[in-house]
Amino acid sequence: MNATSGPGSAGPAGALLLCRADPTAVRPPAPLLREHLLLVPAGQEWSVLVPEGKPWREGAAEIDQVVTGWAAALAVGVSWPVLALWWDADRAGYTLASGFRRTVGYVWLADGTPLGEDEAMRTFAARLGLDPVLDAQALEGLTAPDPDADARARLLGLIAVLTRTGLALPAGLTPGEPADRLRSTALAHGAEHLEWSGWRDAVRAELDLMEGGPLGPYVRGPKARLLALAQVAAGVPLLVLGLRRRSGGWATAGALLLADGALGLLYDRLRRDPA
């Protein structure tokens, strides 16, 4: 049997992006994927993104490649992991993306035959902070042969483990359903439409995301202004010293500090008063 299905394969192909964050955190970066998506809450500190279209049918890429790209791109700019679930007529699987780290994934054939490596499951559990005993044992069962478990059952088993972390997918948003049905189900649950609105809004969303992160206080606000003033105060004498002594190193260091501090002050001013 050919275990690889092309983008035009028949069957109930579909995908879900599970984000371990509230919708308020997922909303700003999701449009950067430049896809039409539906956003739905999915339990405590979880959200689910449902694709409105079927881009895996429009090009040469297979569904797993498409959704892996989405998960990796979305996870790079955020502090929470993104889990992509996908399935088609021949296979099903997942990809976990977290920051700049290498993505990890697992694949099953339609009949449930495991194709992945056990190490992938262990990495999956560690990155999501799952219980190293109970959850690890449940995940190991998904990698063992089981004639009664097809690919859909494997993904449902994966979700069952994640429910212990607070995940609660809305009724009907489950692996194995066709993409059209997932879309209509998400809309029935009051899903929010997310779509690409241009680079200007995208840059603004990125800035909001950066300012809301752990380094936010040093990007904008009182601490950021103090840091920028300190850079200016340190840069001016270094620049003067370098020019007097004709030292390129001191002059360059001073100029860099001065420029960075000035840009920091300007950025804070513009963000406080966008008009």
Side-chain angles (χ1 to χ4, degrees), residues 2-21 26-40 42 46-78 80-110 115-117 120 123-124 127 151-152 154-156 158-159 162 169 173-187 191-197 202 205:
N2 183 6
T4 303
S5 62
S9 296
L16 295 170
L17 288 176
L18 308 184
C19 305
R20 197 170 188 181
V26 178
R27 188 179 298 115
L32 299 176
L33 296 180
R34 304 183 71 172
E35 296 288 340
H36 292 275
L37 300 167
L38 297 172
L39 174 63
V40 188
W46 281 91
S47 304
V48 57
L49 290 169
V50 181
E52 286 198 84
K54 305 173 188 176
W56 50 85
R57 291 185 177 271
E58 300 168 1
E62 299 177 5
I63 186 171
D64 58 328
Q65 297 171 339
V66 172
V67 298
T68 294
W70 288 347
L74 185 56
V76 163
V78 298
W80 30 267
V82 180
L83 176 63
L85 304 179
W86 59 268
W87 56 93
D88 61 18
D90 299 321
R91 302 173 302 156
Y94 73 79
T95 298
L96 177 66
S98 180
F100 288 94
R101 289 183 288 187
R102 182 177 62 86
T103 59
V104 60
Y106 204 91
V107 178
W108 296 271
L109 294 181
L115 293 183
E117 298 179 358
T123 303
F124 173 86
R127 291 187 183 178
R152 174 173 175 150
R154 301 288 196 175
L155 288 180
L156 292 176
L158 186 75
I159 291 174
L162 295 179
L169 286 176
L173 287 183
T174 53
E177 298 293 333
D180 293 337
R181 188 174 302 168
L182 291 174
R183 182 176 63 250
S184 60
T185 300
L187 291 172
E192 177 183 354
H193 289 270
L194 301 178
E195 59 183 78
W196 174 255
S197 57

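The shown structure was predicted, so the numbers you read here are calculated from the model rather than taken from an experiment. Index from 1, following the sequence.
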Worksheet item: Less than 4.5 Å apart, any side-chain heavy atom of His193 and any of Leu187?
Response: yes
Fill in: Residue from Val48, Leu17, Thr95, Ile159 passing side-chain contact (heavy atoms from CB on, under 4.5 Å) with Leu85
Ile159
Discussion item. Do Val66 and Trp86 have side chains that approach each other closer than 4.5 Å (heavy atoms only, starting at C-beta)?
Written reply: no
Worksheet item: Given side chains that start at C-beta, do those of Leu162 and Leu83 come closer than 4.5 Å, heavy atoms only?
Response: yes
Worksheet item: Does Ser184 reach the main-chain N or O of Arg181 with its side chain, forming a donor-acceptor pair under 3.5 Å?
Response: yes
Discussion item. To check you understand the geometry: which heavy-atom pair defines the closest contact between Pro29 and Val26, and what is its length?
Written reply: CD-O, 3.1 Å
Discussion item. Less than 4.5 Å apart, side chain to side chain, heavy atoms only: is that true for Phe124 and Leu158?
Written reply: yes
Worksheet item: How far does OG1 of Thr174 sit from CG of Leu16, to the nearest 0.5 angstrom?
Response: 8.0 Å
Worksheet item: In terms of the angle between their ring planes, are Trp108 and Tyr94 parallel, tilted or perpendicular, with boundaries placed at 30° and 60°?
Response: tilted
Worksheet item: Any idea which heavy atoms bring Ala15 and Val67 closest together, and the distance?
Response: CB-CG1, 3.4 Å
Item to complete: Check for a donor-acceptor pair, side chain of Arg183 on one end and backbone N or O of Pro51 on the other, with a separation under 3.5 Å.
Response: no
Discussion item. Quick check: do Thr185 and Glu177 have side-chain heavy atoms less than 4.5 Å from each other?
Written reply: no
Discussion item. I'd like to know if the side chain of Arg20 reaches the main chain of Pro81, judged simply by a donor and an acceptor atom lying under 3.5 Å from each other, with no hydrogens or angles considered.
Written reply: no
Worksheet item: Does the side chain to side chain contact (heavy atoms under 4.5 Å, CB included) test come out yes or no for Lys54 and Ile63, once each step is laid out?
Response: CA-CA 9 Å; Lys54 305 173 188 176; Ile63 186 171; over 6 Å; no
Worksheet item: Which pair of non-hydrogen atoms, one from Arg127 and one from Leu96, has the smallest distance, and what is that distance?
Response: CB-CD2, 3.9 Å
Discussion item. Do Leu18 and Leu169 have side chains that approach each other closer than 4.5 Å (heavy atoms only, starting at C-beta)?
Written reply: yes
Worksheet item: Less than 4.5 Å apart, any side-chain heavy atom of Val50 and any of Leu173?
Response: yes
Fill in: Under 3.5 Å donor-acceptor, Ser47 side chain and Cys19 backbone
no
Fill in: Non-hydrogen atoms of Leu194 and Ala30 that approach each other most closely
CD1-CB, 3.7 Å
Worksheet, complete the sentence: CD (Glu62) and CG (Asp90) are apart, to the nearest 0.5 Å, by 9.5 Å
Worksheet item: Of the non-hydrogen atoms in Val104 and Ala120, which two are nearest, and what is the gap between them?
Response: CG2-O, 3.4 Å
Worksheet, complete the sentence: The reported gap from CZ in Arg27 to CG in Leu49 (rounded to nearest 0.5 angstrom) is 11.0 Å
Worksheet item: Shortest non-hydrogen contact from Leu115 to Tyr106?
Response: N-CE2, 4.2 Å
